[in-house]
Amino acid sequence: MSSTLKDDESGEPFHVQQRKQIEVFREEWAKHDHGFEPRVSVSRSIFAITSDLDKEYFFGGGDRKDQFGYIDSTRSVFGRTYADEPDPLIEQLKEDEAIQAADTLLLTVPSQLGVDYNAHVLESIITHVAPVLGWR
């Protein structure tokens with residue numbers, strides 16, 4: 001499982017570095033006889049903007065780029081938040097190389113917004129995004 005934060009190894013976008021991390025893991029795994037294929041998951045913050053409340057919370061707020069900085073003197077990269085209306089959001093997610101390389105995508109949700117709103121967030125992804133991308 002690879003989260004939305006990792007050491008910055010190259011200055012490349014987060015999703016590219018994470019895809020490379022997945023490839024290295026799978027290459028190393030293949031060198032050993034474990035008797036099964038591993039699953040790889042990545043996590044993302046993804047919000048399909050489908051309501052006025054979604055717009056209020058997520059649309060146009062902040063910079064939607066990876067964030068680079070230092071954590072305990074280690075240069076790190078924190079993956080971007082995806083927030084957009086369904087059609088442009090789908091196109092952005094198609095570009096995420098680590099999502100494409102992973103077996104499972106875990107969605108992070110903002111716990112401070114409550115259960116009902118998070119149920120809406122997940123339902124919006126299930127209804128408007130997942131079917132187009134072939135997610136099940």
Side-chain angles (χ1 to χ4, degrees):
M1 192 290 177
S2 187
S3 72
T4 57
L5 175 69
K6 67 177 294 305
D7 290 354
D8 176 26
E9 299 167 353
S10 65
E12 294 172 291
F14 173 79
H15 71 101
V16 173
Q17 290 189 51
Q18 195 175 45
R19 188 243 324 134
K20 289 179 178 182
Q21 184 181 51
I22 292 167
E23 289 171 351
V24 168
F25 168 73
R26 287 190 169 141
E27 288 168 7
E28 184 62 30
W29 184 275
K31 295 176 186 176
H32 307 278
D33 183 19
H34 295 290
F36 66 96
E37 288 296 316
R39 294 188 57 79
V40 173
S41 65
V42 296
S43 62
R44 294 289 184 274
S45 297
I46 302 172
F47 303 96
I49 306 298
T50 61
S51 71
D52 288 339
L53 187 56
D54 296 337
K55 288 177 186 173
E56 185 179 325
Y57 283 144
F58 298 107
F59 205 57
D63 195 1
R64 298 290 182 218
K65 297 180 182 176
D66 297 339
Q67 297 176 28
F68 293 83
Y70 287 87
I71 299 176
D72 294 332
S73 72
T74 300
R75 184 159 165 84
S76 302
V77 57
F78 186 80
R80 61 174 282 195
T81 294
Y82 289 94
D84 211 330
E85 294 174 340
D87 289 340
L89 178 62
I90 289 164
E91 293 308 310
Q92 293 165 32
L93 294 169
K94 286 179 181 178
E95 303 280 322
D96 189 308
E97 295 177 17
I99 290 175
Q100 305 310 315
D103 301 297
T104 301
L105 172 64
L106 304 172
L107 298 176
T108 60
V109 293
S111 60
Q112 67 273 28
L113 296 179
V115 172
D116 291 339
Y117 185 75
N118 284 321
H120 160 74
V121 166
L122 296 173
E123 182 65 30
S124 293
I125 297 296
I126 291 167
T127 303
H128 301 286
V129 176
V132 177
L133 293 172
W135 297 348
R136 50 184 180 82

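Computed over heavy atoms, backbone and side chain alike; hydrogens, waters and symmetry mates excluded.
Listed for the Asp54 side chain is a donor-acceptor partner under 3.5 Å among the backbone atoms of Ser51.
By the side chain to side chain donor-acceptor pair (under 3.5 Å) test, Arg39 is found to be paired with Thr104, residues two or more places apart in sequence or in another chain being considered. Contacts of Glu97 classified as side chain to side chain donor-acceptor pair (under 3.5 Å), with partners at least two apart in sequence or in another chain: Arg19. Shown here are the side chain to side chain donor-acceptor pair (under 3.5 Å) partners of Glu91, two or more places apart in sequence or in another chain: Lys94.
Taking a cutoff of 4.0 Å between a charged side-chain nitrogen and a carboxylate oxygen, Lys20 and Glu9 do not qualify as a salt bridge. Of the charged side-chain nitrogens involved, at least one lies within less than 4.0 Å of a carboxylate oxygen, so that Lys31 and Glu28 count as a salt-bridged pair.
In summary, the aromatic rings of Tyr117 and Tyr57 are positioned with their centroids under 6.0 Å apart.
The closest side-chain heavy-atom distance from Ser76 to Leu5 is below 4.5 Å. Contact annotation: the side chain of Ile46 approaches that of Leu105 to within less than 4.5 Å [non-hydrogen atoms, C-beta and beyond]. For the pair His34/Trp29, a side-chain contact is recorded, criterion being any heavy-atom separation below 4.5 Å from C-beta on.
Side-chain contact of Ser3 with Ser43: a donor-acceptor pair under 3.5 Å is absent, judged by distance alone. Between the side chains of Gln21 and Lys6, no donor-acceptor pair is found at a separation under 3.5 Å.
In this structure, CD in Gln67 is found 13.0 Å from CG in Asp8, a value given to the nearest 0.5 Å. The CG atom of Asp87 lies 5.5 Å from the CD1 atom of Ile90; values are rounded to the nearest 0.5 Å.
For Asp7, the CG atom counts as densely surrounded, since its 6.0 Å shell holds more than 12 non-hydrogen atoms of other residues, nucleotides or ligands.
Ring geometry for Phe58 versus Phe47: interplanar angle under 30°, hence parallel rather than tilted (30 to 60°).
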